[in-house]
Amino acid sequence: MPEGPSIIILKEELQPFVGKKITAAGGTSKNVDYKAITGSRVLDFRSWGKHFLICLPDRTLRIHLLMFGKYSINDDTRPAQPRLRLEFGKKFINFYSCAVNTILEPLDEVYDWSADVMNPAWSARSALKKLRANPHMLVCDALLDQQIFSGVGNIIKNEVLYRIRVNPKNKVGSLPAPKLRAMTKEAVHYSFQFLDWKKAFSLKKHWLAHTKKICSRDGHAIIKEYLGKTNRRTFFCPTCQVLYR
DNA sequence: TGGAATGTTGGAAC
DNA sequence: CGTTCCAACATTCC
């Protein structure tokens with residue numbers, strides 16, 4: 001479900017609820033004061049990477065869909081109990097198996113919007129600065145670092161590295177400067193392609209590395225290894241994705 | 001059918 | 001006290 005582009009789609013699907021008043025709220029999350037938010041109007045839906053933000057006058061509800069989170073709109077056919085349910089008269093939204101939190105601070109104090117690859121405030125310069133400050137970090141970890149590339153997930157990581165022909169085992173500091181810039185640029189570019197393809201239900205069709213077995217560039221085998229500090233599965237072509245020294 | 005997967009967290013361990 | 005590690009969580013698919 002997640003990765004930044006999917007959250008953008010969620011935000012777009014919920015646009016009809018902007019400005020609407022919550023007439024009832026419930027769910028299994030213990031991090032929400034359901035009574036307090038009943039009667040509040042939704043000022044806006046925002047997002048920061050994989051965080052989906054429901055902005056109310058006096059607080060923000062933060063939804064993180066994690067690996068298996070789901071949502072449904074005006075549809076109660078799911079068997080599971082929603083973690084969070086917001087009703088707007090006869091219409092409603094349900095969120096399932098996600099992490100829900102309440103934020104009381106102003107969002108600008110909580111989030112660095114320039115780190116979100118899909119936000120207009122995204123700053124490549126700022127990302128490069130953070131990367132240069134972490135030369136020891138593996139590039140496969142760097143792309144998954146939400147403080148640097150908020151919204152990038154494992155699929156985007158694999159596709160970005162394949163597209164710029166960079167081996168995931170490189171350290172940030174060993175990449176030539178143009179490659180580091182290319183990585184930063186492609187993280188944004190591919191995220192928007194992901195968005196378009198996901199909307200067209202053709203995301204998987206465009207995967208070049210993720211879950212693939214053969215490199216479409218040179219016909220060599222794509223390797224699967226569990227890499228980085230979080231041991232995420234990483235697909236890459238050791239032949240065309242360069243390992244710098 | 002069991003294992004793995006678009007992810008993060010909190011607390012234990014060191 | 002800082003860091004690192006790992007279990008836990010939850011759902012769907014192959």
Side-chain angles (χ1 to χ4, degrees), chain A residues 1-13 27-32 47-53 60-72 75-85 94-103 110-112 115-118 133-134 136-138 140-163 168 186-213 222-236:
Chain A
M1 193 74 252
E3 296 221 30
S6 301
I7 303 305
I8 300 289
I9 292 172
L10 166 59
K11 193 162 60 174
E12 290 176 1
E13 288 187 14
T28 59
S29 171
K30 53 178 172 43
N31 297 327
V32 178
S47 60
W48 182 80
K50 303 164 190 171
H51 294 208
F52 180 64
L53 304 166
T60 301
L61 303 183
R62 190 197 85 181
I63 314 273
H64 198 304
L65 295 170
L66 301 171
M67 200 87 96
F68 316 119
K70 295 285 184 296
Y71 62 91
S72 68
D75 173 10
D76 263 336
T77 55
R78 283 189 164 276
Q81 282 282 102
R83 248 324 134 54
L84 175 66
R85 174 185 175 83
N94 290 335
F95 294 94
Y96 306 88
S97 62
C98 51
V100 183
N101 274 290
T102 298
I103 299 172
V110 179
Y111 291 114
D112 170 9
D116 180 353
V117 295
M118 307 205 69
N134 289 285
H136 55 281
M137 194 182 246
L138 292 181
C140 59
D141 282 331
L143 280 165
L144 290 178
D145 189 319
Q146 300 300 293
Q147 299 307 315
I148 307 178
F149 295 105
S150 174
V152 169
N154 205 40
I155 297 173
I156 297 175
K157 173 200 81 179
N158 284 327
E159 292 298 314
V160 165
L161 291 174
Y162 180 83
R163 282 153 206 262
E186 187 61 20
V188 176
H189 177 246
Y190 181 74
S191 291
F192 280 97
Q193 288 201 115
F194 183 122
L195 176 61
D196 289 342
W197 289 329
K198 177 112 183 163
K199 284 180 176 174
F201 304 103
S202 65
L203 180 63
K204 292 186 186 183
K205 193 173 78 183
H206 291 93
W207 285 347
L208 300 178
H210 192 74
T211 72
K212 306 302 279 188
K213 300 230 186 296
I222 297 253
I223 289 184
K224 176 177 79 169
E225 283 187 56
Y226 290 81
L227 300 179
K229 58 184 179 189
T230 50
N231 270 304
R232 300 298 301 279
R233 62 177 183 159
T234 306
F235 297 88
F236 64 103

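Keep in mind that this is a model prediction, so the values were computed, not measured.
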dG3(B) versus dA8(C) - spacing of their P atoms, nearest Å: 16 Å
How long is the line joining [atom1] of [X] and [atom2] of [N], in whole Å?
X: Glu159(A); N: dT6(B); atom1: CD; atom2: P; value: 12 Å
X: Lys204(A); N: dA5(B); atom1: NZ; atom2: C1'; value: 11 Å
X: Lys157(A); N: dG7(B); atom1: NZ; atom2: C1'; value: 12 Å
X: Phe95(A); N: dG7(B); atom1: CZ; atom2: P; value: 19 Å
X: Asn154(A); N: dT6(B); atom1: CG; atom2: C1'; value: 7 Å
X: Trp207(A); N: dT6(B); atom1: CH2; atom2: C1'; value: 8 Å

Short side-chain N/O contact to dA5(B) OP1/OP2 from Arg233(A), under 4.0 Å: yes
Along DNA chain C (nearest heavy atom to each residue), the more 5'-positioned of Gln81(A) and Lys229(A): Lys229(A)
By side-chain hydrogen bond (donor to acceptor under 3.5 Å, both in side chains) - contacts of [X] (at least two apart):
X: Asn134(A); value: none
X: Gln81(A); value: none
X: His210(A); value: Asn158(A)

Cation over ring face, Arg163(A) and Tyr190(A), 6.0 Å, 45°: no
Any donor-acceptor N/O pair, Gln146(A) side chain to Gly151(A) backbone, under 3.5 Å: yes
Residue pair Phe52(A), Tyr71(A): steps toward the side chain to side chain contact (heavy atoms under 4.5 Å, CB included) verdict: CA-CA 12 Å; Phe52(A) 180 64; Tyr71(A) 62 91; over 6 Å; no
Where chain A begins and ends its contact with DNA chain C, read 5' to 3' at 4.0 Å from heavy atoms: dA10(C) to dT12(C)
Show the distances under 3.5 angstrom between N or O atoms of the protein and N or O atoms of nucleotides 8-14 of chain B.
unit_1, atom_1, unit_2, atom_2, d
dT8(B), OP1, His64(A), NE2, 3.3
dT8(B), OP2, Lys50(A), NZ, 3.4

Any side-chain heavy-atom pair of Arg62(A) and Leu53(A) under 4.5 Å: yes
SB check Glu12(A) Lys199(A) (cutoff 4.0 Å): yes
Atom of Leu144(A), atom of Asn154(A) and distance for their closest heavy-atom approach: CD2-N, 3.7 Å
Watson-Crick or G-U stems involving DNA chain B, each at least 3 pairs long, distances under 3.5 Å, ordered by first number: B:2-5 with C:11-14, B:7-14 with C:2-9
Qualifying residue for side chain to side chain donor-acceptor pair (under 3.5 Å) with Asn94(A), from Lys70(A), Arg85(A), Arg78(A): Arg85(A)
Side chain to side chain contact (heavy atoms under 4.5 Å, CB included) between His206(A) and Gln193(A), worked out: CA-CA 9 Å; His206(A) 291 93; Gln193(A) 288 201 115; over 6 Å; no
